[in-house]
Number of protein chains: 2
Amino acid sequence: MASPHQTRMRAVTLQDIADRCGVTKMTVSRALHGDTRNVSMETSARIKAVALELGYDPSFNHAARRLALRKCGQDVVNHLVAMFFPSGFQQWPYYTTIFGGMLEVFMPEKFSLLTHYTSFAERASENALPPVFMRGDVDGAIISRSSAHTQWICERLRATAFAERPIVSVITPVEGCSAVLIEAELSGYLAANHLLDLGHRHIIHMEAANPPHDQRMCGICRAYEERGLDPHAHLVYAQWFFDDENATVEAMDAALTAYPRSTAIIAANDRTAVLARDLAHRRGMRVPDDLSLVGFDDVTPMPDALGHNMLTTVRLPLQEVGQQAARLLLQHIRGHRRDIEQITLPVNLIERGSTAPPRV
Amino acid sequence: MASPHQTRMRAVTLQDIADRCGVTKMTVSRALHGDTRNVSMETSARIKAVALELGYDPSFNHAARRLALRKCGQDVVNHLVAMFFPSGFQQWPYYTTIFGGMLEVFMPEKFSLLTHYTSFAERASENALPPVFMRGDVDGAIISRSSAHTQWICERLRATAFAERPIVSVITPVEGCSAVLIEAELSGYLAANHLLDLGHRHIIHMEAANPPHDQRMCGICRAYEERGLDPHAHLVYAQWFFDDENATVEAMDAALTAYPRSTAIIAANDRTAVLARDLAHRRGMRVPDDLSLVGFDDVTPMPDALGHNMLTTVRLPLQEVGQQAARLLLQHIRGHRRDIEQITLPVNLIERGSTAPPRV
DNA sequence: TTGTAAGCGTTATCAG
DNA sequence: CTGATAACGCTTACAA
């Protein structure tokens, strides 16, 4: 259809089309915008045909459009979105799975996704955000961080030309933003309920102090209480360190030593469960015979001797989280949704070999 | 220093500053560009002070600048770069490690990095690239693909407003582009040399048909030839499938069955080595007693029973590959380098427990 | 050393 | 239904 782009020297402009059609560029602008009330069907068709023939690309002169539209304070869709993830996120399947889900939705829609991570060091500095944000090139953002961080990022964004554009939060809710969450309380319940069903009572729970882990904690307690058991008499809390595996392992080790009656560990995530298994082996314990393990996420396998994943875990639909967050953001950007929305996605327990009844 | 941004309603323009200083916006433009020959030191200082006070942000009115500069065919730096990776790259530590290295360089320089992956399906379609590319918002690209794919991507990019902007290739060289490579031939040599040193002779080599695996192959042969051995009499080639682990495992299985004298496998990468270990176990073989394994990359561990990485592997400096590619691209973008450059980074063998002398 | 004029490509507004 | 005009904010070229 389109003629070979013989000359890439100069971009095709509205004026070029207007010249060929014997009209003014204003009419061309109207026709190409699908203005049926102010342009005759006939000329409109002619203009569109010429535009196609010349290979007019509206996105090419985006800069001019934005400049013109600024006069009346209108926003243009730039087809550019950003995600704010913790530094080092690319190493964690947890985040890359969400990332992958987002890409799956954005790419077919021709939205480009840029990555911005924030370390604590950067947060401390008074650095401005990169130019793309300052100049308002970014249509929307997806954000996933601890609450202290999200607050800071939102403030930074709002202070740029990003202004009041949509932000969607994943996993952790952020005030005033749409969010895609998971059933955090239920995830804790499912893990604990499974272990209690098997007969475990004394359980070590690795957790972080902030959401969604604190909700997970509530679910764990609920499972105990449903059985008339006092969670505080049976549960042991061991701290989980977000970015320090050694510290996490030491905390587990200390807990196992201090509470030798423990027969199971609810780990902060799959990766931590694998660390727990390794620790157990070093202590001469076998999984699941001496110690049952439950993970969260279902993104990191715990391979047995034959390479099969043996980790009982609470699966979080992380890929779908990414997809839904992307869809939600697109709805906001395109103006199809103005109210903020919170989507909560279901979790489910996947029973594999790392849990078994305790040996009495 | 800067006054609190009291009004975010309207952006500060050159005219605003000019009004406050009693000069024209032209003088302001010159002063802010550091033009010392055409502006008196005095007015220049005054203007800069007012600009700071008003919180003038050059990046805010980027659109106007680009529009003006287009007249004389100049390029503006947009502080936006793209990377083209295979679809699903976010699941592979190999790519995310490179990705991480790139981010480490780009982020402090305030360059935003966007992700674009290309599946074969997309390649087949005649889809245009996303608007950010079409309109020339992207300053440069880093590309990592099989050769057939890179060619296609480059053509696509050149056909947009991206035009002749710099492209840096990683791992695989691309004609006419700067590249960051690794010592592919040497990596094969190191793997084979290590096994031959241990006394292995009959080795299965998992490989892909394209670079850099074919160079790796040359290195493997060199190790044989240095010992006066005919590689073709000892080496078994088994195909490695880029995106199909089951097929890869089947190929390994078939090779082990067809060539029972084999005592070692040179796997396509760490991940494949782990698959080989699992396969070996299923066949009742022990690693390294019955089968030695060498991987490549050093990004995926092969954990032993205690969780320690036992995989002997040829380490590729993937993070540094990402960093160097980013640095190279920045040099090109900033005009500090016009000639194309090929950097080759060193590899080294890391001996761990998955290799041992063959049991005779 | 500074000011003036014109234009980058688009769009809103008003006139015909 | 269509055209003319001005403006978005900036930069180059030329004039003072």
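Because the structure is a prediction, the values reported are computed rather than measured. By convention in this document, chain letters (A, B, ...) are assigned in the order of the sequence lines, proteins followed by strands, and residues within each chain are numbered from 1.
Counting only distance, with no hydrogens or angles, the side chain of A/H332 and the backbone of A/D339 share a donor-acceptor pair below 3.5 Å. When atom types are taken as modelled, the side chain of A/R158 and the backbone of A/R165 share a donor-acceptor pair closer than 3.5 angstrom. A donor-acceptor pair under 3.5 Å is absent between the side-chain atoms of A/R66 and the main chain of A/N78, judged by distance alone. Looking only at distances, no side-chain donor or acceptor of A/R156 sits under 3.5 Å from a matching main-chain atom of A/L129.
For B/L32 and D/dG9, the CG to C1' distance is 13 Å, given to the nearest whole Å. Distance, A/N38 CG to C/dC14 P: 14 Å, rounded to whole Å. Counting to the nearest Å, the P atom of D/dG9 and the CG atom of B/D19 are 12 Å from each other. Across the protein-nucleic acid pair, B/H62 atom NE2 and D/dC8 atom C1' stand 16 Å apart, rounded to whole Å. Put simply, CG on A/D75 is 15 Å from P on C/dT11, counting in whole angstrom units. Rounded to whole Å, atom P of C/dT11 lies 12 Å from atom CG of A/D35. If you take CZ of B/R46 and C1' of C/dT2, they are 12 Å apart, rounded to a whole angstrom. The separation between B/L67 atom CG and C/dA6 atom C1' is 13 Å, rounded to whole Å.
Among residues two or more places apart in sequence or in another chain, the salt bridge (Lys or Arg N to Asp or Glu O under 4.0 Å) test is passed with B/D35 by none.
Residues B/Q319 and B/E104 bring a donor and an acceptor atom of their side chains to less than 3.5 Å of each other.
Contact check, B/T43 against C/dT1: no side-chain N or O comes under 4.0 Å of OP1 or OP2. Regarding contacts with the backbone of D/dG3, a side-chain N or O of A/T27 is found under 4.0 angstrom from either OP1 or OP2.
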### Query
What one-letter contact string describes nucleotides 10-16 of chain D from 5' to 3', where B marks a base within less than 4.0 Å of any protein heavy atom, S marks contact via sugar-phosphate atoms alone, and - marks no contact?
BBB----

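Within 6.0 Å of CD on B/E175 lie no more than 12 heavy atoms contributed by other residues, nucleotides or ligands.
Each of B/M41 and B/R70 lies near DNA chain C, and the nucleotide nearest B/M41 is the one positioned closer to the 5' end.
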